[in-house]
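Have a look at the structure below, then the notes.
Lettering follows sequence order; numbering is per chain, from 1.
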Amino acid sequence: MPELPEVRTVAKVLNTLKNKQIKNINIIYLKVISDNSLDINLLINKTLKEVATLGKYLLFDFEEYILISHLRMEGKYFIKKEDEEYVKHEHIALNFTDKTSLRYHDTRKFGRMQLVYKDKLSEVPSLTKLASEPFNLDKEEFYKKVSKKRVPIKSVLLDQTIINGLGNIYVNEVLFDSRINPLTQGIELTRKQTDKIVDSSVNILNHAIKEGGTTIRSYTSSLGITGNYQNFLKVHLQENCCVCHNKIQNIKIGGRSTYYCSTCQK
DNA sequence: AACGAAACCTGCGCGC
DNA sequence: TGCGCGCAGGTTTCGT
């Protein structure tokens with residue numbers, strides 16, 4: 001499910017679990033825990049202080065530990081009661097002392113969790129490599145990185161070490177808003193264009209956050225959340241351009257489905 | 001170092 | 001009806 005707006009939306013709901021204490025943990029499918037994770041059972045008796053996000057990552061603050069969670073393609077959380085039956089694809093249950101059960105559900109089993117010491121958080125490679133989120137991204141630095149890339153800008157923007165938080169849908173939308181052809185190589189872009197990409201990213205992500213994210217493909221939404229940003233998509237999954245009314249192109253770039261208007265995006 | 005492709009998984013819709 | 005293929009909001013790893 002998740003790009004930055006969806007992850008923010010999930011975090012908002014997860015924060016309703018704040019100040020609850022873990023009673024026990026049920027691990028049904030072990031592989032969703034990273035190999036390099038501390039023992040998840042160290043969380044027993046710990047209290048959830050807050051759920052923060054970093055790009056597409058969820059960071060659960062459990063006192064001296066942080067539980068890092070990445071939903072990848074289809075990870076979801078559901079808040080249930082401890083005695084509720086497990087449904088298919090529920091892999092982990094964090095059970096709290098008040099009988100609340102936080103269930104991690106992931107059809108494709110791509111998502112990962114990793115428990116680390118809070119004071120070691122800054123040493124976690126997958127997090128330290130991340131670029132800034134668009135909201136506080138240094139435009140000069142962004143331009144420098146992008147202008148070294150001899151790959152389509154579509155692929156560049158999916159690289160979280162260059163800009164953090166965009167996924168396939170929002171990259172498609174950002175490039176339309178920036179009027180840039182997704183096949184354009186990074187090295188071909190001007191500073192003005194890379195600045196525009198950052199501005200568009202901020203605007204589109206903020207709007208999507210406000211709408212609770214995007215819900216497509218009739219996914220069962222996480223935590224009962226149904227975002228509304230699908231009603232504002234201008235190219236992703238669209239048939240015709242809302243500006244020039246020409247047919248929206250759907251091609252593969254780097255294996256990812258890319259929607260764009262060949263008239264508006266030069 | 002940088003890039004493309006494969007790997008990691010399951011379920012759904014489509015064409016034959 | 002059944003089967004095979006392609007597709008899905010992501011990241012890491014492997015080979016060139």
When rounded to whole Å, the CD to P distance for the pair A/E6 and C/dA8 reads 16 Å
Its dot-bracket string being built from Watson-Crick and G-U pairs below 3.5 Å, with | for another strand and [ ] for crossing, DNA chain B has the pattern .|||||||.|||||||
Whole-Å distance, A/L183 CG to B/dG4 P, equals 12 Å
- Any side-chain donor paired with an acceptor under 3.5 Å for A/N168 and A/S257? no
note: A/I216, atom CD1; C/dA8, atom P; distance rounded to Å ~ 9 Å
Review point. Between A/F176 and A/R179, is there a cation-pi geometry (under 6.0 Å to ring centre, at most 45° from the normal)?
Key: yes
Across all chains, not counting sequence neighbours, the salt bridge (Lys or Arg N to Asp or Glu O under 4.0 Å) partners of A/E211 are none
Polar atom pairs (N or O), protein with nucleotides 9-13 of chain B, under 3.5 Å:
| residue | atom | partner | partner atom | Å |
| --- | --- | --- | --- | --- |
| B/dC9 | OP1 | A/K31 | NZ | 2.1 |
| B/dC9 | O4' | A/R108 | O | 3.3 |
| B/dC9 | O2 | A/R108 | NE | 2.8 |
| B/dC9 | N3 | A/R108 | NH2 | 3.4 |
| B/dT10 | OP1 | A/K109 | NZ | 3.2 |
| B/dT10 | O4' | A/T107 | O | 3.4 |
| B/dG11 | OP1 | A/K88 | NZ | 3.0 |
| B/dG11 | OP1 | A/H89 | NE2 | 3.1 |

Given protein heavy atoms under 4.0 Å, the one-letter contact record of nucleotides 11-16 of chain C, with B base, S sugar-phosphate only and - none, is simply SS----
Measure all distances between protein nitrogen or oxygen atoms and nitrogen or oxygen atoms of nucleotides 1-3 of chain B, and list the pairs falling under 3.5 Å.
| residue | atom | partner | partner atom | Å |
| --- | --- | --- | --- | --- |
| B/dC3 | OP1 | A/R150 | N | 3.0 |
| B/dC3 | OP2 | A/K149 | NZ | 3.2 |

Rounded to whole Å, the CG-C1' distance (A/N250 to C/dG6) equals 12 Å
Residues at least two apart in sequence or cross-chain that pass salt bridge (Lys or Arg N to Asp or Glu O under 4.0 Å) with A/E85, listed by chain then number, are none
Discussion item. Taking B/dG11 as the reference, what is the distance to C/dT11 when you measure between their P atoms (whole Å, please)?
Written reply: 23 Å
For A/S155, answer base if it contacts any base atom (sugar-phosphate contacts may also be present), sugar-phosphate if it contacts only those atoms, and nothing otherwise; contact means non-hydrogen atoms under 4.0 Å. nothing
Determine all donor-acceptor pairs shorter than 3.5 Å in which one atom belongs to a side chain in residues 195-202 of chain A; sequence neighbours excluded.
| residue | atom | partner | partner atom | Å |
| --- | --- | --- | --- | --- |
| A/D195 | OD1 | A/R191 | NE | 2.9 |
| A/D195 | OD2 | A/R191 | NE | 3.4 |
| A/K196 | NZ | A/S200 | OG | 3.4 |
| A/D199 | OD1 | A/K139 | NZ | 2.8 |
| A/S200 | OG | A/D177 | OD2 | 2.6 |
| A/S200 | OG | A/S178 | OG | 3.2 |
| A/S200 | OG | A/K196 | O | 3.1 |
| A/S201 | OG | A/I197 | O | 2.7 |

Is there a donor in the side chain of A/T97 and an acceptor in the side chain of A/K23, or the other way round, less than 3.5 Å apart? no
Sorted by chain and number, sequence neighbours left out, side-chain hydrogen bond (donor to acceptor under 3.5 Å, both in side chains) with A/Y29 holds for none
_Less than 3.5 Å apart, any donor N or O on the side chain of A/S69 or A/Y104 sitting next to an acceptor on the other?_
no
Whether the A/N172 and A/Y170 side chains hold a donor-acceptor pair (N or O, under 3.5 Å, no angle test) is what I'd like checked.
no
Residues at least two apart in sequence or cross-chain that pass side-chain hydrogen bond (donor to acceptor under 3.5 Å, both in side chains) with A/T53, listed by chain then number, are A/R8
Sequence neighbours excluded, the answer for ring-ring contact (aromatic ring centres under 6.0 Å, His included) partners of A/H105 is A/F78, A/H89
Separation of C/dA8 atom C1' from A/E3 atom CD, nearest Å, is 12 Å
Those residues at least two apart in sequence (or on a different chain) that pass salt bridge (Lys or Arg N to Asp or Glu O under 4.0 Å) with A/K49 are none
A/I253 CD1 to B/dG4 P, in whole Å, measures 11 Å
Using the P atom as the reference point in each nucleotide, state the distance between C/dC5 and B/dA6 in Å, no decimals.
15 Å
Residue set satisfying ring-ring contact (aromatic ring centres under 6.0 Å, His included) with A/Y260, at least two apart, ordered chain then number -> none
Is the distance from the ring center of A/F62 to that of A/Y65 below 6.0 Å? no
